Undergrad: 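Okay, here's the structure, questions in a sec.
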Amino acid sequence: MFTIHKTAFAFVRQNPVFLATLALVILGAQLILAPFGIGASGVLVLWVYAFYVLFRAIMFDELAFWATARTQTRPSGLAGFLIAALLLLIGSITFGVFVFSMIFGSILDGYPGPQSAPGVAALLLFLGSFGLLSLFGTGLPAAAAADRWGPSISLQRAPGTLWHIFTGLVAGPGIFGAVAMGLVLAAESGARIIGFSTSALDIFHPVQLLIAFVINLGTLLYLLLTTVALTRPYQRVAPIEVKAAMGILEDKAEVFA
């Protein structure tokens with residue numbers, strides 16, 4: 001189960017500059033968009049693109065922010081990946097809002113919930129995303145690989161991948177996210193004890209920039225673990241030509257069988 005961690009962190013050891021550059025690019029976009037009040041939401045597409053880049057890097061060793069037809073092992077699947085990721089994001093939010101409203105009443109009508117409500121909402125969002133990814137998660141690596149993808153195709157593949165995806169998500173990004181959240185809470189508590197607050201710092205302050213960079217790196221590690229957790233089960237059901245492009249066929253002559 002923890003092979004996911006080994007695979008992800010082996011990739012980190014081999015490509016630290018690639019990941020650091022990707023984190024810096026996203027940080028630059030956040031700084032550019034921050035004065036317009038869209039520093040977080042405005043880079044959502046860039047985060048999805050970074051997710052796509054990680055899939056291509058893990059599956060096909062394409063260590064580049066863009067790849068030409070000459071360097072691509074498989075045709076670009078960026079357009080399909082953006083659509084697949086958007087559908088999963090909308091589905092996760094819809095699930096989280098639905099269950100949240102069932103528990104705490106109609107949040108759309110402005111009924112106040114307990115102080116723990118935001119944390120519960122975040123938990124439901126994560127559980128919703130894990131559930132949807134377990135069912136439809138092969139759609140992301142398939143779209144990134146320019147393979148056939150879609151809800152019906154993902155459901156057809158689900159019997160052979162659902163349990164592997166779910167356990168991989170729990171063991172990979174699930175554990176990493178829980179540990180990261182614990183470290184963040186501990187750091188915040190320590191900062192309050194010594195009277196340090198980043199809220200008073202300007203966004204261009206060196207400390208604030210360092211914190212933002214570390215957060216971006218952590219988010220990329222979370223996405224990397226998710227990428228590995230989804231790619232490994234997809235390899236079990238991928239078409240022969242995609243397996244050949246990923247270099248996982250024992251006999252490459254099978255491609256021409």
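Everything quoted here is computed from the prediction, not taken from an experiment. Excluded from the calculations below are hydrogen atoms, water molecules and symmetry mates; all remaining heavy atoms, backbone and side chain alike, are included.
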Undergrad: Output the distance between atom CG (Asn15) and atom CG (Leu63), rounded to the nearest 0.5 Å.
TA: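 Spacing of CG (Asn15) from CG (Leu63) equals 4.5 Å.
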
Undergrad: How long is the span from the CD1 atom in Ile211 to the CG atom in Leu27, to the nearest 0.5 Å?
TA: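 One gets 12.0 Å once the value is rounded to the nearest 0.5 Å.
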
Undergrad: Would you compute the distance between atom CD1 of Ile26 and atom OG1 of Thr21 and round it to the nearest 0.5 angstrom?
TA: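 Those atoms lie 11.0 Å apart.
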
Undergrad: Rounded to the nearest 0.5 Å, what separation is found between the CD atom of Glu241 and the CZ atom of Arg74?
TA: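 Going from the CD atom of Glu241 to the CZ atom of Arg74 covers 5.5 Å.
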
Undergrad: Could you tell me the separation between the NE2 atom of His5 and the CG atom of Leu221, rounded to the nearest 0.5 Å?
TA: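 So the gap between those two atoms works out to 11.0 Å.
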
Undergrad: Taking atom CZ of Phe166 as the centre, does the number of heavy atoms from other residues, nucleotides or ligands within less than 6.0 Å exceed 12?
TA: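 It does not: Phe166 CZ has 12 such atoms or fewer within range.
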
Undergrad: Please name the pair of heavy atoms, one in Leu220 and one in Leu54, separated by the smallest distance, quoted to 0.1 Å.
TA: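 Heavy-atom minimum between the residues: O-CD1, 3.9 Å.
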
Undergrad: Looking only at heavy atoms, which two atoms of Leu217 and Leu19 are closest? And how far apart?
TA: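 Here Leu217 and Leu19 meet closest at CD2-O, 4.0 Å.
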
Undergrad: Can you see which heavy atom on Arg157 is nearest to which on Ala142, and at what distance?
TA: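 That would be NH1-CB, 3.6 Å.
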
Undergrad: Could you label the plane-to-plane angle of the Phe51 and Phe55 rings as parallel, tilted or perpendicular, counting under 30° as parallel and over 60° as perpendicular?
TA: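 Judged by the thresholds at 30° and 60°, the geometry between Phe51 and Phe55 is tilted.
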
Undergrad: Looking at every non-hydrogen atom in both residues, tell me the closest pair between Pro75 and Ala146 and how far apart they are.
TA: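 Looks like O-CB, 3.4 Å.
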
Undergrad: Identify the two heavy atoms, one from Val170 and one from Phe130, that lie closest to each other, and give their separation to 0.1 Å.
TA: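 Heavy-atom minimum between the residues: N-CE2, 4.0 Å.
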
Undergrad: Distance check, rounded to the nearest 0.5 Å: Trp47 atom CH2 versus Gln30 atom CD?
TA: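 Answer rounded to 0.5 Å: 6.5 Å.
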
Undergrad: Could you pull out the closest heavy-atom pair between Gly139 and Trp149, with the gap in Å?
TA: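 Nearest pair, atom of Gly139 first, then Trp149: O-CB, 3.8 Å.
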
Undergrad: Please answer: with hydrophobic residues joined when any side-chain heavy atoms are less than 4.5 Å apart, are Ile58 and Leu82 in the same cluster?
TA: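 Yes, one cluster joins them.
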
Undergrad: Check residues 225-234 and write down every donor-acceptor pair under 3.5 Å in which the side-chain atom is one partner and the other belongs to a residue at least two apart or another chain.
TA:
residue	atom	partner	partner atom	Å
Thr226	OG1	Tyr222	O	2.9
Thr227	OG1	Leu223	O	2.8
Thr231	OG1	Thr227	O	2.7
Tyr234	OH	Asp147	OD2	2.8

Undergrad: I need the single residue from Thr138, Ile248, Thr161, Val242 that forms a side-chain contact (heavy atoms from CB on, under 4.5 Å) with Gln235. Which is it?
TA: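 Exactly one option meets the side-chain contact (heavy atoms from CB on, under 4.5 Å) with Gln235, and it is Ile248.
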
